[in-house]
Amino acid sequence: MPSRRMRAAWDRATLGQKIAAFAGLAFLHLPVWVIFLYAFTTEDRTYQFPPPGLTLKWFEVAFARADIWAALKLSLAVASVATAIALLLGTLAAFALARSRFRGRELITLLFVLPIALPGIVTGIALLAAFKMGGIQPGFWTIVVGHATFCIVIVHNNVIARLRRIPPSWVEASMDLGADGLQTFRHVLLPQIATALLAGGMLAFALSFDEIIVTLFTAGHERTLPIWFFNELFRPRERPITNVVAVTVVLITLVPILLAYRLTRPNDTRG
Amino acid sequence: MPALRAAAAFLHGRRGFYLALLLLPPLLWLGIIYLGSLFALLAQSFYAIDEFTARIVPEFTLATYRQLFSQPANLDIILRTVAMAVAVTAAAAVIAFPVANYMARYATPRMKALFYVGVMLPMWTSYLVKVYAWRLVLAKQGIFSWFLDVFGLTPVLDGALATPVIGGPSLASSYIGMFIVFVYMWLPFMILPLAAALERVPGSLVQASADLGARPGQTFRHVVLPLALPGLAAGSIFTFSLTLGDYIIPSVVGAPGYFIGMMVYQQQGTAGNLPLAAAFSVVPIVLIAVYLALARRMGAFDAL
């Protein structure tokens with residue numbers, strides 16, 4: 001990259017370009033902040049803006065609701081199990097595919113893109129069709145299977161990107177210095193991919209926690225938090241409580257995502 | 001531990017075996033559960049429902065596909081969904097380009113980091129919450145109409161809502177509103193690959209173009225844009241595919257017309273016609289396969 005002084009006129013944004021860029025960013029952010037505002041509104045019938053007054057009472061009301069707690073617990077349990085499966089299988093796949101060349105590799109790579117390349121509804125209805133044909137009753141484990149399938153891809157993508165950044169010479173050096181395969185893995189590779197694993201795991205967790213498109217097909221009578229939320233959208237009488245849950249969900253998913261971002265940011269290549 | 005070490009040493013010498021051992025569990029999962037399910041889906045679409053007993057008859061038939069393609073209402077649904085996906089993709093590209101261009105080519109390192117977080121945070125914010133937030137924003141007395149009112153633009157909104165087909169009683173129940181929400185939801189998926197592609201445009205090329213007398217517009221058209229095309233294609237895969245398969249947004253924010261996703265969800269659920277739902281869901285798969293083949297030609301996979 002040229003130094004700052006070398007950046008001539010061809011390398012400077014015009015005012016119009018700047019405005020368009022910041023306007024795009026603002027467009028992405030405003031709706032999310034609206035939710036935070038509405039969680040405190042005193043108006044419980046319409047979406048009146050600006051809110052006539054602010055209150056904390058809806059948090060108290062939501063906190064006392066057993067159905068919300070049950071849905072939250074189910075979502076956390078599903079996300080934990082799906083993430084664990086994804087971490088194991090996604091990492092294995094990343095190690096196998098990172099640097100190897102073999103026949104049929106392209107096809108396998110395609111298979112590892114498919115669950116996120118095809119729309120979620122396809123995954124959902126396909127799993128449902130398979131469960132129906134196999135006589136499997138939908139429930140906790142069918143939700144987990146659906147989530148783990150796309151979470152594997154997320155973990156795989158994270159780990160493989162990191163593995164490809166590790167110079168092969170490091171592994172060779174380790175082996176040349178007398179370390180066996182296991183030692184090389186533990187002392188050379190594992191420390192390098194640890195943050196990628198953590199980041200992939202947290203993204204997978206957040207994605208699973210928030211998933212609705214596949215889940216509506218695979219959940220049967222179970223209600224995860226997103227399903228609870230979705231049903232609530234068609235029952236507008238409880239609007240203030242929905243607002244509170246929305247804020248809670250945003251906060252729960254935001255923390256792992258911010259951490260994942262910090263962990264994967266390549267701080268040495270930037271700037 | 002010694003056993004594990006011996007195993008590691010054994011495997012080190014046998015690379016093919018080691019690879020197979022690593023690959024087997026994830027491959028079994030995706031191969032059996034995921035691909036298996038896709039085949040189950042395909043199989044279901046070749047079954048049909050018995051009209052009298054409302055039961056699925058597990059025999060090969062093309063009746064369900066015939067039903068899908070012979071009813072004008074179904075064709076309308078497919079066309080409507082594809083039109084929305086194309087419109088959303090085009091709009092997302094137009095809005096995403098300045099953002100990606102600025103963050104990739106002009107921003108200082110600090111600003112660039114800010115933009116990356118700024119794009120990723122909303123992208124990872126809960127999907128349902130964002131849809132819900134838009135319902136609040138677009139509602140009749142909501143923030144959007146308040147905003148327009150402040151600037152005296154209410155007649156513009158009323159005019160847009162009075163437009164046949166795309167209009168409706170309020171933004172929250174019109175195709176315009178649905179379009180805005182779709183664009184909003186998938187915008188980060190367009191910005192990120194586009195920015196990645198633009199970041200790889202060598203500054204020297206842009207400089208050379210300028211040195212050779214090209215005006216900024218010409219440089220953009222003949223140098224930057226062709227190099228950004230793979231990123232644009234990659235982003236459009238997401239916006240196109242995500243719009244084709246979504247059924248939450250059209251049912252939460254939207255007009256009365258059905259979309260493919262809603263049909264799939266409704267047919268398998270309340271209507272109990274899994275074969276028709278399966279046949280409907282094959283439509284986006286085929287459309288995306290065609291799209292992927294085109295995007296691959298444009299080098300989209302290098303920019304992912």
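Because the structure is a prediction, the values reported are computed rather than measured. In what follows, chains are A, B, ... by sequence order, proteins preceding strands, each numbered from 1.
- Using a 4.5 Å heavy-atom threshold, the side chains of A:Leu92 and B:Leu21 count as separate.
- For a residue to count as touching a neighbouring chain, one of its non-hydrogen atoms must lie under 4.5 Å from one of that chain's; by this rule B:Phe147 does not touch chain A.
- Heavy atoms closer than 4.5 Å to chain A are found nowhere in B:Leu24, neither backbone nor side chain.
- Looking only at atom types and distance, the side chain of A:Thr149 has a donor-acceptor partner in the side chain of B:Trp29 under 3.5 Å away.
- Interface residue B:Leu35: only side-chain heavy atoms are found under 4.5 Å from chain A.
- A 4.5 Å side-chain heavy-atom check between B:Val137 and A:Leu30 finds every atom pair outside the cut-off.
- Contacts between A:Ile125 and chain B at a heavy-atom distance below 4.5 Å involve backbone atoms as well as side-chain atoms.
- If you measure heavy-atom distances from A:Leu37 to chain B, you find no contacts under 4.5 Å at all.
- When heavy atoms are compared at a cutoff of 4.5 Å, A:Glu211 does not approach chain B at all.
- Looking at A:Ile35 and B:Val129, their side chains come closer than 4.5 Å, going by heavy atoms from C-beta outward.
- Only the side chain of B:Ala43 comes within less than 4.5 Å of a heavy atom of chain A; its backbone N, CA, C and O stay farther away.
- Contact annotation for A:Leu203: both backbone and side-chain heavy atoms come within less than 4.5 Å of a heavy atom of chain B.
- Side-chain contact between A:Met133 and B:Phe39 is absent, with no heavy-atom pair separated by less than 4.5 Å.
- Interatomic distance, A:Phe102 CZ to B:Leu23 CG, rounded to the nearest 0.5 Å: 5.5 Å.
- With a 4.5 Å cut-off on non-hydrogen atoms, B:Arg110 does not touch chain A at all.
- Side-chain contact between B:Tyr34 and A:Leu118: present, with at least one pair of heavy atoms (C-beta onward) separated by less than 4.5 Å.
- Although no hydrogens or angles enter the test, the distance criterion places a donor-acceptor pair under 3.5 Å between the side chain of B:Tyr184 and the main chain of A:Leu28.
- With values rounded to the nearest 0.5 angstrom, A:Thr14 atom OG1 is found 7.0 Å from B:Tyr106 atom OH.
- At a 4.5 Å heavy-atom cutoff, the contact between B:Leu38 and chain A is made by backbone and side-chain atoms alike.
- By the 4.5 Å heavy-atom criterion applied to side chains, B:Ile248 and A:Ile212 are counted as neighbours.
- Considering only residues two or more places apart in sequence or on other chains, B:Ser251 meets the side-chain hydrogen bond (donor to acceptor under 3.5 Å, both in side chains) condition with none of them.
- For B:Leu30, the parts lying under 4.5 angstrom from a heavy atom of chain A are both the backbone and the side chain.
- For chain A, no part of B:Tyr291 is nearby; none of its heavy atoms comes within less than 4.5 Å.
- Looking at A:Asn157, neither its backbone nor its side chain comes within 4.5 Å of chain B, counting heavy atoms on both sides.
- For B:Tyr132 (side chain) and A:Leu233 (main-chain N/O), no donor-acceptor pair under 3.5 Å exists by modelled atom type.
- For A:Phe112, the parts lying near chain B are the backbone and the side chain together; criterion is any non-hydrogen pair under 4.5 Å.
- When heavy atoms are compared at a cutoff of 4.5 Å, B:Pro25 approaches chain A by way of both its backbone and its side chain.
- Proximity of the aromatic rings of B:Phe115 and A:Phe22 is defined here by a centroid distance below 6.0 angstrom, and this criterion is met.
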Quick one: do A:Leu127 and B:Ile33 satisfy side chain to side chain contact (heavy atoms under 4.5 Å, CB included)? Show the steps, please.
CA-CA 8 Å; A:Leu127 285 169; B:Ile33 296 178; 3.9 Å; yes

Test ring pair (Phe, Tyr, Trp, His ring centres under 6.0 Å) applied to B:Tyr247 and A:Phe217, step by step
CA-CA 12 Å; B:Tyr247 62 98; A:Phe217 287 97; 5.7 Å; yes

Step by step, work out the side chain to side chain contact (heavy atoms under 4.5 Å, CB included) result for B:Ile143 and A:Val34.
CA-CA 9 Å; B:Ile143 192 165; A:Val34 168; 3.9 Å; yes

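- By the 4.5 Å heavy-atom criterion applied to side chains, A:Leu128 and B:Leu274 are counted as neighbours.
- Only the side chain of A:Leu258 comes within contact range of chain B, judged by heavy atoms closer than 4.5 Å.
- In this structure, the side chains of A:Pro119 and B:Ile288 come closer than 4.5 Å at one or more pairs of heavy atoms.
- Panel note: side chain A:His29, backbone B:Pro122; no donor-acceptor pair is recorded below 3.5 Å.
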